Peer 1: 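Attaching a single structure in structure tokens format; questions to follow.
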Amino acid sequence: VQLQASGGGLVQAGGSLRLSCEASGRTFIRTAMGWFRQAPGKEREFVAAISWSGSVKYYAGSVKGRFTISRDNVKNAVYLQMNSLKPEDTATYYCAADRRSDSDSLDPHYWGQGTQVTVSS
């Protein structure tokens with residue numbers, strides 16, 4: 001099972017990035033997926049999650065209103081649109097997937113390799 005994250009980069013404050021995570025090795029169309037991030041010297045933290053159907057979404061308070069999570073079950077992929085980026089959003093972003101089926105909430109079991117997002121002030 002592989003979760004391949006991409007789309008990170010260097011952007012100025014106020015800018016936007018779109019992260020993608022494509023899964024292979026098994027289908028995740030009936031499992032919740034999401035994003036976490038880890039800044040240097042800090043613990044990994046939750047960013048956003050989406051239910052298997054896409055009808056339920058969760059966001060950390062720090063990104064609510066700026067980030068949007070979505071998924072494409074045909075492509076077995078999850079996305080994170082990040083707008084109005086701030087320097088404090090700088091981190092390595094990891095996608096994650098549950099192993100339970102038909103869950104609205106995310107209990108991460110599978111992890112991607114991470115993609116770096118750097119926001120300059």
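All values derive from a computational prediction rather than experimental measurement.
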Peer 1: Say whether Q116 and T92, considering side chains only, have a donor N or O and an acceptor N or O under 3.5 Å apart.
Peer 2: yes
Peer 1: Would you please test R100 and D107 for side chain to side chain contact (heavy atoms under 4.5 Å, CB included) and show each step?
Peer 2: CA-CA 8 Å; R100 303 168 298 167; D107 182 12; 3.5 Å; yes
Peer 1: Which is it for Y59 and I69 under the side chain to side chain contact (heavy atoms under 4.5 Å, CB included) test, yes or no, and what are the steps along the way?
Peer 2: CA-CA 9 Å; Y59 296 97; I69 190 169; 3.5 Å; yes
Peer 1: Excluding sequence neighbours, so at least two apart, what forms side chain to side chain donor-acceptor pair (under 3.5 Å) with D104?
Peer 2: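 Checked D104 against side chain to side chain donor-acceptor pair (under 3.5 Å); zero matches.
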Peer 1: Take V78 and F28 through the test side chain to side chain contact (heavy atoms under 4.5 Å, CB included) and record every step on the way to the result.
Peer 2: CA-CA 10 Å; V78 64; F28 289 100; over 6 Å; no
Peer 1: Using modelled atom types and a 3.5 Å cut-off, is there a donor and acceptor pairing between side-chain atoms of N73 and backbone atoms of N76?
Peer 2: no
Peer 1: Working to the nearest 0.5 Å, report the span between NZ of K57 and CZ of R71.
Peer 2: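 So the gap between those two atoms works out to 10.5 Å.
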Peer 1: Check whether any side-chain N or O of Y94 sits under 3.5 Å from a backbone N or O of T115 as a donor-acceptor pair, and report yes or no.
Peer 2: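 No: the side chain of Y94 does not pair with the backbone of T115.
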Peer 1: At their closest point, which heavy atom of F46 faces which heavy atom of F36, and how far apart are they?
Peer 2: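 Where F46 meets F36 most closely, the heavy atoms are CA-CD2, 3.4 Å.
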Peer 1: With sequence neighbours excluded, give me every salt bridge (charged side-chain N to carboxylate O under 4.0 Å, His left out) pair touching residues 28-55.
Peer 2: R30-D102, R37-E45, R37-D89
Peer 1: Would V119 and V117 count as a side chain to side chain contact (heavy atoms under 4.5 Å, CB included) here? Give the steps.
Peer 2: CA-CA 7 Å; V119 185; V117 172; 4.1 Å; yes
Peer 1: What orientation do Y93 and F67 show, parallel under 30°, tilted 30 to 60°, or perpendicular over 60°?
Peer 2: tilted
Peer 1: At their closest point, which heavy atom of L106 faces which heavy atom of A32, and how far apart are they?
Peer 2: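 The answer is CD1-O, 3.5 Å.
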Peer 1: Here's one to test your reading of the geometry: is the NZ or CZ of R18 within 45 degrees of the ring axis of Y79 and under 6.0 Å from its centre?
Peer 2: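 Because its charged atom sits under 6.0 Å from the ring centre and within 45° of the axis, R18 does stack over Y79.
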